[in-house]
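Convention: sequence-line order gives letters A, B, ...; per-chain numbering from 1. The structure presented is a predicted model; accordingly, all values stated were derived computationally and were not measured. Side chains included, hydrogens not; waters and symmetry mates left out as well; all remaining heavy atoms used.
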Amino acid sequence: MSGDVMEVALRRGFINPSYEIYGGVSGFYDYAPLGAALKKNLEDIWRRYFVIEEGFFEISSPTISPEEVFVASGHVSNFVDPLVSCEKCGSAFRADHLISSAVDVKTDGLSFEELSRLIREHNLRCPDCGGELGEVYSYNLMFKTYIGPGKKKVGYLRPETAQGIFILFPRLYSFYRKKLPFGVAQIGKAYRNEISPRQGLIRLREFTQAEVEIFIDPRDKRHPNFERYAGERLRLLPQDREEEVELTAREAVEQGIVKHEFLCYYLVHTQRFLLELGIPYERLRFRQHLREEMAHYAADCWDAEVRTERFGWIEVVGIADRTDYDLKAHERHSKVELRAFRQFEKPEKRRRLVLEPKMAKLGPEFKRLAKKIATTLRELPESEVRRFAERGELELSIAEERVLITGEHAEVKEVEEVITGEKFVPHVVEPSFGIDRIFYCVLESAYYQREGRNVLRLSPELAPVKAAVFPLLTREELVKVAREVFEEVKRAGILAIFDASDSIGRRYARVDEIGVPFAVTIDFDTLEDETVTIRERDSAQQVRVPKSEVAGILRDLIEGRRRFAELG
RNA sequence: GCGGGUGUAGUCUAGUGGUAGGACCCGAGCCCCCCAAGCUCGUGACCCGGGUUCGAAUCCCGGCACCCGCACCA
């Protein structure tokens, strides 16, 4: 089995538990020097896939939101778990689940006091040990705070970055010149006050999400670029099956296993991204959420999962069809229209009956109510207008008052209108990445041992340090030249390190352990013929190249324009 | 949040009621013509806070962190 990659990650400065000198706080990790660099490289690759290649843009919104945002999104109510603990054995249970499974009572919307009372009334006991149950208490996974002095303005740290995009919809829609589909990306911190964070980077209280919200027309969930991925293979675990099936993207959609092309396109796109990070195909699968684990907003959701040595299958990406849930919710709460416009192929001409209010009569008679009455009359459905035309009168309820409208207040007219299109609430497809988890998977996938030494097989793009420069021996003449080469490499924009201590073998071993892909060594031949060696990490092979070209060659190798094997 | 286990240098570990040794790592130097463990010297630790005691890293209590189970994980 593998050695302990986490031990390497801690010891060599990739990550460390936060607040160590004060005893630590679980659920928080620092990205140490190499980890911060690796994480940044990982995020840049993500940007290449989900921003540049897809033609989307990235935004950055605040991590603290006023509570309205999460009232609307459903997080304030859906994120509160009523828990009850056994006084004797300490097991905790969802109070509402406990009650509804033991007694035929609907628990929806009951207060905690009412839940506590129900437990007492029915003399419910601990299902584990039969012990006495305590009072029901709430546990909300959002961190709460107050905005400004005093406690009037409640705020929450965002539990996901997505809402920051949804609430910007009108601005973003016009930024993208009112055309669907469009996507908006965001990489940022999110916060969940987990009851019991475990497993290092896998369950954090503060973590990094990379999300894209793609707004699409619900009538057309095909993807314009689906063809380029149609033949790609995916390992899928559908909700109604025990075993994984391997299908092409096209087959998955045609068989109705993945609901539509748009979702499936992003399964493939996500897979390509994860493969590029060095996560092997054999350790990857897409698992469809079970109905009961589906989030309150989702119509369909697939998790990309990676099989790790340490933790087994872990979810690293969620790809969900969030439908119009979020936009509708914010529209309802904010009273701001969050809709797109769909133009008809041909404008529709329609004749219809409308009511034209006679303001000259309405005004004096109804005074303050007149304006509201007029608006209501104009917006009256055609069936109501028809009924008014037949009966000659109509009763309305305006601002809690009943008013009688007759022929002298309004006139029925037939109008011809041209309808060029209609408004609708877009659906949202959301690939959502847990960057910290992916970070862990990348480390674990990259890690192996060679002759008892640790090696990180990170791609040059991911590697936090791109190159090392060594004098073969600590002779002044070699060190001097090596320093010159080192300066030149840095001038070429390459993040490199210099090391002249210990034996050359030990120095190679040290840089292998942190995943440096290339090492340049200056030896006595360099003094003769102005050449240096470049050593590749994974093969430990060396080639000689002219000293004057080494920086350029390193850049080509790192940026993928040349391959090491083709150098010699 | 509950139960069990663990907590000695960067890492792995030895140890006794009288205040700590080792290995690797790391630093300086030597040696060294290409893949860790050559030589010399050196830095560096008993998770935190109380209590018992003349004295505690060692015993007791509380906290924190980590590991394993339970619960939780839109």
inquiry  = Below 30° counts as parallel, above 60° as perpendicular, anything between as tilted: where do the rings of Phe498(A) and Phe486(A) land?
reply    =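 The arrangement is tilted - the two ring planes meet at 30° to 60°.
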
request  = Tell me which of Asp512(A) and Tyr29(A) sits closer to the 5' end of RNA chain B, going by the nucleotide each one is nearest to.
outcome  =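 Closest to the 5' end, via its nearest nucleotide, is Asp512(A).
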
inquiry  = Using a 6.0 Å distance limit plus a 45 degree cone around the ring axis, check whether Arg457(A) lies over the aromatic ring of Tyr448(A).
reply    = yes

key: Quiz item: cation-pi between Lys221(A) and Phe262(A), 6.0 Å / 45°   =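 Not satisfied by the 6.0 Å and 45° rule.
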
Both distances under 3.5 Å, Watson-Crick or G-U wobble: report the partner of [N], or none.
| N | result |
| --- | --- |
| rG62(B) | rC48(B) |
| rG69(B) | rC2(B) |
| rG29(B) | rC39(B) |

Is a salt bridge present between [X] and [Y], judged by a nitrogen-to-oxygen distance below 4.0 Å?
| X | Y | answer |
| --- | --- | --- |
| Lys259(A) | Asp321(A) | no |
| Glu513(A) | Arg537(A) | no |
| Arg544(A) | Asp523(A) | yes |
| Asp556(A) | Arg563(A) | no |

ask   = Judged by atom type as modelled, is there a donor-acceptor pair below 3.5 Å linking the side chain of Arg205(A) to the main-chain atoms of Ser26(A)?
value = yes

From the options [options], select the nucleotide whose nearest atom is closest to the side chain of [X].
| X | options | answer |
| --- | --- | --- |
| Arg453(A) | rC35(B), rC73(B), rC33(B) | rC35(B) |
| Glu7(A) | rU11(B), rC32(B), rC73(B) | rU11(B) |
| Leu472(A) | rC34(B), rC66(B), rC35(B) | rC34(B) |
| Tyr508(A) | rC33(B), rC35(B), rC73(B) | rC35(B) |

ask   = Base, sugar-phosphate, or nothing: which does Pro159(A) touch, judged by heavy atoms less than 4.0 Å apart?
value = base

key: Separation between CG of Asn454(A) and CD1 of Ile514(A), rounded to the nearest 0.5 Å   = 12.0 Å

ask   = Does anything in residues 515-538 of chain A reach RNA chain B, meaning a heavy atom under 4.0 Å, and if so which residues?
value =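 Residues of residues 515-538 of chain A that come under 4.0 Å of RNA chain B are, in numerical order, Thr521(A), Asp523(A), Phe524(A), Thr533(A), Arg535(A).
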
Between the protein and nucleotides 22-30 of chain B, which nitrogen or oxygen pairs are less than 3.5 angstrom apart?
unit_1: rC25(B); atom_1: OP1; unit_2: Arg506(A); atom_2: NH1; d: 2.4
unit_1: rC26(B); atom_1: OP1; unit_2: Arg510(A); atom_2: NH1; d: 2.4

inquiry  = Between rC34(B) and rC46(B), how many Å separate the two P atoms, rounded to a whole number?
reply    = 43 Å

query = For atom C1', what is the distance between rC25(B) and rG63(B), given to the nearest Å?
reply =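 Taking atom C1' in both rC25(B) and rG63(B), they lie 32 Å apart.
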
request  = Would you mind reading off the distance between Met142(A) atom CE and rC72(B) atom C1', rounded to a whole angstrom?
outcome  = 16 Å

ask   = For the base of rC64(B), is there a side-chain donor-acceptor partner from Tyr22(A) under 3.5 Å away?
value = no

ask   = Is the base of rC34(B) touched by the side chain of Gln542(A) through a donor-acceptor pair closer than 3.5 angstrom?
value = yes

